[in-house]
Amino acid sequence: MKLGVYNAILHDRSLPEALEAIAKVGLTGIEINTGGFLPAVHVPTFDEILSSDIARDEYLGLFEGTGVSIAGLNCNGNPLHPNPLIGHAHAEDIRRSIRLAERLGQDRVVTMSGLPGGEPGATTPNWIVNAWNSAALDVLDYQMGVAADFWKETDKLAADHGVKVALELHPQNVVFNPAGIRELVERTGATHVGVELDASHLFWQQMDPVAVIRDLGPLVFHAAAKDVRVNPSAAIYGVLDNRFRKLDPSEPRTNLGGDEWANEWPKDAAWDFVALGKGHDTAYWTEFLRALQEVDPEMWVNIEHEDVSLGRIEGLEVASAVLREANATLEVSVR
């Protein structure tokens, strides 16, 4: 398999420095953020690349001789947000990322399906967690209709540019499990919209990423390697633990668009994002890679580092060691 890093954890340094750090931990790809929740830090000439071959070639020249190549683009966000300051901006980031991917010789863009409000005129997204009543099913039908309109149009754009869009199965989105992506594809007839298989968000939903990969098969376009540890407090708070704290404007915080910000994680959370190996062992990650290889041996599998107990490089070192060992074990087993 092809192993890389999603670059958000390396936004504190220049692109050349990020490429050097990735090469040092033994990986060969960088998935580059191009908008959405996070700015395109490592594509400062974005607009120029879209229109200038010189700018494109200068940008691609930064990768020459580094041993690290582009492993897809990423613009995770909410393109269906009912607040146009967020929704329209994130939707345009997806469209721009598709065009940028073609310009850079890439054929994968990672994002999220998005989440609209629960009815026309809503101002905030509405995630139905458990649709046990008929009104909730009406909301879900409306939301999937909004999603289908957007993704049918976006699928056509992606096909026109030779790009496949991989949707992360992320809660607080219309599509967060296999049933959701199948419904979206059925409603739209999409051929260029599928899944980015990020194991972490499946783990905390008590799903098995390996089983999901084999269930979805060719709908899996791309993958992310991120682990989850379920903590003892899950026995009290459950996996839908919602004890987040809203950060004050005077505190360091991450903007998610408009006037929305990331909240502080619960201190004794029911579960945490952790580096590979701290939630599931190398043997598990070997089977994760095996399932992905059955779908596409050339698929990129990119580490996403969000383990707050480890530094930026330290976390990549830990995760890379596990992922590379898992890949080596897989290679030996299939010879």
(request) For the pair I22 and L10, evaluate side chain to side chain contact (heavy atoms under 4.5 Å, CB included) and give the outcome as yes or no after the intermediate values. (result) CA-CA 9 Å; I22 291 169; L10 298 173; 3.8 Å; yes
(request) Test side chain to side chain contact (heavy atoms under 4.5 Å, CB included) on T111 and L167 and set out the steps. (result) CA-CA 5 Å; T111 186; L167 305 182; 3.7 Å; yes
(request) Give the C-alpha distance, both sets of side-chain angles, the deciding distance and a yes or no for ring pair (Phe, Tyr, Trp, His ring centres under 6.0 Å) between W127 and F176. (result) CA-CA 11 Å; W127 187 41; F176 61 94; 5.4 Å; yes
(request) Starting from the C-alpha separation in whole Å, work towards a yes-or-no answer on side chain to side chain donor-acceptor pair (under 3.5 Å) for D268 and N231. (result) CA-CA 8 Å; D268 59 336; N231 299 320; over 6 Å; no
(request) Evaluate side chain to side chain contact (heavy atoms under 4.5 Å, CB included) for L316 paired with R312, printing each intermediate quantity in order. (result) CA-CA 7 Å; L316 292 181; R312 294 172 187 263; over 6 Å; no
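At a threshold of 4.5 Å between non-hydrogen side-chain atoms, the residues H201 and F273 count as touching. Side-chain atoms of L197 and F288, non-hydrogen and from C-beta on, do get closer than 4.5 Å to each other. Using a 4.5 Å heavy-atom cutoff, the side chains of V175 and L169 are in contact. The closest side-chain heavy-atom distance from E260 to N83 is not below 4.5 Å. Residues V334 and R290 are in side-chain contact: their nearest non-hydrogen atoms beyond the backbone lie under 4.5 Å apart. Between I30 and L15, the closest side-chain pair of non-hydrogen atoms falls below 4.5 Å. Looking only at side-chain heavy atoms (C-beta outward), R96 and C75 stay at 4.5 Å or farther from each other. Using a 4.5 Å heavy-atom threshold, the side chains of R99 and L157 count as touching.
Other residues, nucleotides and ligands contribute more than 12 heavy atoms inside 6.0 Å of the CD atom of E251. Crowding of Q172 atom CD: a count of heavy atoms from other residues, nucleotides or ligands under 6.0 Å not exceeding 12.
Between W300 and the choices T28, L292, L3, the side-chain contact (heavy atoms from CB on, under 4.5 Å) rule is met once, by T28. Of the options D141, D149, D155, a salt bridge (Lys or Arg N to Asp or Glu O under 4.0 Å) to R187 is made by D141 and by none of the others. When the options V332, L323, V322, L330 are evaluated for a side-chain contact (heavy atoms from CB on, under 4.5 Å) with T286, the one that passes is L330.
Side chain to side chain, H90 and N78 fail the donor-acceptor criterion of an N or O pair below 3.5 Å. Under the 3.5 Å distance criterion, with hydrogens and angles disregarded, no donor-acceptor pair is assigned to the side chains of Q205 and N177. Side-chain contact, S69 with K2: no donor N or O sits under 3.5 Å from an acceptor N or O. For the 3.5 Å distance criterion, the side chains of D259 and W261 qualify, holding a donor opposite an acceptor.
Note that CD of E287 and CD1 of I213 are 10.5 Å apart. Values are rounded to the nearest 0.5 Å. Between W265 atom CH2 and D272 atom CG the span is 7.0 Å, to the nearest 0.5 Å. From T34, atom OG1 reaches atom NE2 of H42 across 13.0 Å, with rounding to the nearest 0.5 Å. Atoms CD1 and NZ, on I313 and K24 in that order, are 8.5 Å from each other to the nearest 0.5 Å.
Y142 is linked by a side-chain contact (heavy atoms from CB on, under 4.5 Å) to P120, V146, counting only residues two or more places apart in sequence or in another chain.
Other cluster members for Y237: I236, joined by side-chain heavy-atom distances under 4.5 Å among Ile, Leu, Val, Met, Phe, Trp and Tyr.
Sorted by first then second residue, the ring pair (Phe, Tyr, Trp, His ring centres under 6.0 Å) pairs that include residues 305-332, not counting sequence neighbours, number zero.
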